[in-house]
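Written below as structure tokens is the structure these notes are about.
Here is the naming used below: chain letters follow the sequence lines, and residue numbers restart at 1 for every chain.
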2 protein chains.
Amino acid sequence: MTTATPTSSSRELPHPAREEIRLESVLHALSDPMRLQVVRELAADGDELSCSHFDLPVTKSTTTHHFRVLRESGVIRQVYRGTAKMNGLRRDDLDDLFPGLLASVLTAAARQAVRLGGG
Amino acid sequence: MTTATPTSSSRELPHPAREEIRLESVLHALSDPMRLQVVRELAADGDELSCSHFDLPVTKSTTTHHFRVLRESGVIRQVYRGTAKMNGLRRDDLDDLFPGLLASVLTAAARQAVRLGGG
DNA sequence: CGACTCGTACGATAGGCATCGTAGTACGGG
DNA sequence: CCCGTACTACGATGCCTATCGTACGAGTCG
């Protein structure tokens, strides 16, 4: 069988089920500039981005920490693929639980970026 | 001019201007259960609610703290009226800066309340 | 196997924050 | 003027968290 990618190995990461995702945790996860930036890039460049793809102004340890917060809050899904760890937005789950929330946050972030960055 | 309500006195509270409101701060303010509850009540019961109207399971000191976080992040506007301090959502400013954000957060909070509270 | 890359785990640290209690200020009414 | 109400200011406390550095585990490639 072609079985949509066998997740590469036995290294499985704990994710909250859809029903376990809490709005407060999602908002908290998104309230950090680093993490908001990550989510914006994931939304823009499509899913399946490796951790190392992001060039955050912090060490790798801290990057790992932020990705874990995003995963444990239910914002992203993480899957190992070889040595890389691929990250993807949990659009379906978030849209089902909180319709329009992700979209309005992304729009708001984009507008603010223009407002602050573009003078 | 008829001076739309003289704000009762000289006690003025510092608010961020519309352009100074940061998305991250708003999300952080809304990520606390107490504050999210306050915002929900403000949205439901209309503006102009005094601090003492809210029956939060914390002391008054803590309540004051939460209201200040909401005000300084730009989520609410606070005005003294006699000994009372009236609170109102900054709907206009938020909708202008982050269209749809407040609405989707409120909808998400309501849905989650039903989901968790209603079994 | 050996080396290299990617990411983790762990400990440390410093700052933030939610919470409290007490003492104090501002306003309104008798 | 005195008192009660509404809210604040300040200090303390304990937890959470963003950050780092170093040492380690898991895969890949030669």
Side-chain angles (χ1 to χ4, degrees), chain A residues 5-15 22 24-39 41-42 48-73 75-88, chain B residues 5-15 22 24-39 41-42 48-73 75-88:
Chain A
T5 58
T7 312
S8 158
S9 77
S10 54
R11 287 202 285 173
E12 294 268 325
L13 293 159
H15 290 78
R22 300 281 268 108
E24 295 89 329
S25 302
V26 170
L27 293 177
H28 174 247
L30 297 177
S31 71
D32 182 278
M34 296 292 169
R35 295 192 289 258
L36 184 56
Q37 178 61 30
V38 167
V39 170
E41 288 190 35
L42 280 176
E48 295 294 284
L49 290 180
S50 70
C51 289
S52 58
H53 169 270
F54 298 87
D55 194 27
L56 303 178
V58 291
T59 64
K60 276 200 293 184
S61 307
T62 306
T63 301
T64 297
H65 162 69
H66 285 309
F67 275 106
R68 178 167 41 191
V69 172
L70 285 171
R71 171 170 48 83
E72 292 181 344
S73 68
V75 175
I76 68 172
R77 192 181 302 279
Q78 295 190 295
V79 173
Y80 280 106
R81 183 179 295 183
T83 72
K85 195 179 189 177
M86 307 308 289
N87 305 276
Chain B
T5 58
T7 311
S8 156
S9 76
S10 54
R11 285 202 286 172
E12 293 268 326
L13 293 159
H15 289 78
R22 300 281 268 108
E24 295 90 330
S25 303
V26 170
L27 293 176
H28 174 247
L30 297 176
S31 72
D32 182 277
M34 297 291 169
R35 296 193 289 258
L36 185 57
Q37 178 61 30
V38 167
V39 170
E41 288 190 37
L42 279 177
E48 295 294 284
L49 292 179
S50 70
C51 287
S52 57
H53 169 270
F54 298 86
D55 194 26
L56 303 178
V58 290
T59 64
K60 275 203 290 185
S61 307
T62 305
T63 301
T64 297
H65 162 70
H66 284 310
F67 274 106
R68 178 167 39 189
V69 172
L70 285 171
R71 170 171 48 82
E72 291 180 344
S73 67
V75 175
I76 68 172
R77 193 180 301 280
Q78 295 190 295
V79 173
Y80 279 107
R81 183 178 294 183
T83 69
K85 195 180 189 176
M86 307 307 289
N87 304 278

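To the nearest 0.5 Å, the span separating NE2 on His28(B) from CG on Leu30(B) amounts to 10.5 Å.
Counting to the nearest Å, the P atom of dA18(D) and the CG atom of Asp32(A) are 5 Å from each other. Distance Leu70(A) CG to dT17(D) C1': 14 Å, rounded to the nearest Å. As rounded to whole Å, 7 Å separates atom C1' of dC7(D) from atom CZ of Arg11(B). If you measure from atom CD of Glu72(B) to atom P of dA9(D), you get 10 Å, rounded to the nearest angstrom. The interatomic distance linking Glu24(A) (CD) with dA18(C) (C1') rounds to 15 Å, in whole Å. In this structure, CG of Leu30(A) is placed 13 Å from P of dA18(D), rounded to the nearest angstrom. Taking atom CD of Gln37(A) as the reference point, atom P of dA18(D) lies 16 Å away to the nearest angstrom. Following rounding to the nearest Å, Tyr80(B) (OH) and dG28(C) (P) show an atom-to-atom distance of 13 Å.
Residues from residues 55-67 of chain A placing a heavy atom under 4.0 Å of any atom in DNA chain C, listed by number, are Lys60(A), Ser61(A), Thr64(A).
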Checking side-chain contact (heavy atoms from CB on, under 4.5 Å) for the pair Leu56(A)/Val38(A): CA distance, chi angles, key distance, verdict?
-> CA-CA 9 Å; Leu56(A) 303 178; Val38(A) 167; 3.9 Å; yes
### Query
Between Glu72(B) and Ser25(B), does a side-chain contact (heavy atoms from CB on, under 4.5 Å) hold up when you go through it step by step?
CA-CA 9 Å; Glu72(B) 291 180 344; Ser25(B) 303; over 6 Å; no
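When the side-chain nitrogen and oxygen atoms of Arg68(A) are compared with OP1 and OP2 of dA9(C), one or more of them lie within a distance under 4.0 Å. One finds no side-chain N or O of Arg81(A) lying less than 4.0 angstrom from the OP1 or OP2 phosphate oxygen of dG27(D).
For the pair Ser73(A) and Val26(A), the tightest heavy-atom approach, listed with the atom from each and the gap, is O-CG2, 3.7 Å.
In the model, Thr62(A) has a side-chain atom that pairs as donor or acceptor with a side-chain atom of Thr59(A) under 3.5 Å.
The side chain of Met34(B) lies closest to dT19(C) when the candidates are dT19(C), dG28(C), dC7(D).
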Give each protein N/O atom lying under 3.5 Å from an N/O atom of nucleotides 11-16 of chain C, with the pair distance.
none

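Residues Asn87(A) and Phe67(A) are in side-chain contact: their nearest non-hydrogen atoms beyond the backbone lie under 4.5 Å apart.
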